[in-house]
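All remarks here apply to the structure that follows.
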Number of protein chains: 2
Amino acid sequence: MDDASAPADPNLGLLLYIPYRYLESGVMEALRAHGHDLPLNQARVFQRISPEGSRLAELAEAAQLPKQTVGSIIDQLEAAGYVQRSIDPQDARARLVSITPRGQQLIEISLPVLHDVEAAWRAHLGARRTLQLKEALTALREITDPFLRPKA
Amino acid sequence: MDDASAPADPNLGLLLYIPYRYLESGVMEALRAHGHDLPLNQARVFQRISPEGSRLAELAEAAQLPKQTVGSIIDQLEAAGYVQRSIDPQDARARLVSITPRGQQLIEISLPVLHDVEAAWRAHLGARRTLQLKEALTALREITDPFLRPKA
DNA sequence: TGCACAAGGACCGAGCATCGGACTATTTTG
DNA sequence: CAAAATAGTCCGATGCTCGGTCCTTGTGCA
């Protein structure tokens, strides 16, 4: 994370972060253009919500944030009408956070941006290298996603 | 940024973010283990500082944060002895933020972590794909790094 | 050469995000 | 069934974030 050679040859961390941020900015801007100006922290949690609904603790673990933080972010997403809480049929202690129709709009606005950016990257890198990039990242997820490694 | 298929097949944004966060966590943990427990936002700004010194506005642009935010983060990094401000010889209005010897320690703690993680990734992906990944990310930086595109 | 305007930063203060700790409701365990 | 574990919420303190404003130094133009 801390490398002396900042602009010259950034470390792997920045190398990953820079395109990530680019993508994120693009999506946030599109959302804003469509009248959804949710803050970044809300968007970051929102994107982790599974279509089938997610539990708070799941989201917290995936986002590496304390439960209360995610809790208050979900409060806001709920107040804005993007998500709703319901009782998990599997476990009455838990709440299932799921995406409302209004929340779906966010996804529908984001998807084309994602595709456009990917297309731009493909134009810059070429189809083969773009594919390799996605494959490598997907493979990397197996060893780096905290959510995927339940008990390590 | 917002894709319905969260755990199944995350979008490109998450795909980039997940390994980034993994790397970052590893570095932060190592720093903490060595008695440096600076907060994440400080580390994120710190890593952007060029060895020759950086200006505040540069850092703000690269990190996509307002100047005042970066200013207060630099205040803290300075108070902790990791960086120092000096007058930019090129322009007396500007301050040059540069890394102190104590700040160098952060880098020296981080580098081996970076290398270890990269080695682990290489073990998982293979040498060729790891190299391809780095190349692709570096190439991507040309079109995604806000700092690299001065006036676009 | 002088003056208006731009650019780099610092200061102040309001608002709110973050997160530890304690608490309640449910499930699991022995 | 009690005891322990687990999901989430509530409360409150700390302090981060960032808009507005001001000061200083550089730059452009007549």
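Numbers restart at 1 for each chain; the letters A, B, ... are given by sequence-line order, proteins then strands.
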Intermediate values then yes/no, salt bridge (Lys or Arg N to Asp or Glu O under 4.0 Å), B/R44 and B/E24
CA-CA 9 Å; B/R44 284 181 173 168; B/E24 184 175 64; 2.8 Å; yes
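- Residue B/G71 is the one, among A/P66 and B/G71, whose nearest nucleotide of DNA chain C lies closer to the 5' end (criterion: closest heavy atom).
- Separating the CG atom of B/D75 from the P atom of C/dA10 is a distance of 7 Å, rounded to the nearest angstrom.
- Between the CD1 atom of B/I73 and the P atom of D/dT17 there is a distance of 5 Å, rounded to whole Å.
- C/dA25 atom C1' lies 14 Å from atom CG of A/D88, rounded to whole Å.
- Contact annotation: B/T69 reaches the phosphate of D/dC18 (side-chain N/O to OP1 or OP2, under 4.0 Å).
- Distance, B/L59 CG to C/dG8 C1': 13 Å, rounded to whole Å.
- Across the interface with DNA chain C, nearest-nucleotide mapping of A/Q90 and A/Q76 shows A/Q76 to be the residue nearer the 5′ end.
- Under 4.0 angstrom from either OP1 or OP2 of D/dC16 there lies no side-chain N or O belonging to B/N41.
- When side chains are defined from C-beta on, A/R55 counts as touching A/D91, because their heavy atoms get closer than 4.5 Å.
- B/E78 has its CD atom 12 Å from the C1' atom of C/dA10, to the nearest Å.
- Listed pair B/R85 / C/dA10 meets the phosphate criterion, a side-chain N or O lying under 4.0 Å from OP1 or OP2.
- Protein atom CD of A/Q42 is 12 Å distant from nucleotide atom P of C/dC16, rounded to whole Å.
- In this structure, A/L65 atom CG and D/dC16 atom C1' are separated by 15 Å, rounded to whole Å.
- The CD-P distance, from B/E58 to C/dA7, rounds to 16 Å in whole Å.
- Residue B/R141 is tested with B/T138, B/T144, B/D145 for a side chain to side chain donor-acceptor pair (under 3.5 Å); the sole match is B/D145.
- Checked by distance alone, A/R55 brings no side-chain donor or acceptor within 3.5 Å of a matching partner on the base of D/dA7.
- No donor-acceptor distance shorter than 3.5 angstrom exists from the side chain of B/S54 to the backbone of B/L59, with no hydrogens or angles considered.
- A donor and an acceptor atom sit less than 3.5 Å apart, one in the side chain of A/R93 and one in the base of D/dT6.
- Judged by distance alone, with hydrogens and angles left aside, the side-chain atoms of A/R102 form a donor-acceptor pair with the main-chain N or O of A/A80 at under 3.5 Å.
- For B/K67, taking side-chain heavy atoms from C-beta onward, the closest of the listed nucleotides D/dG8, C/dT18, C/dG9 is C/dG9.
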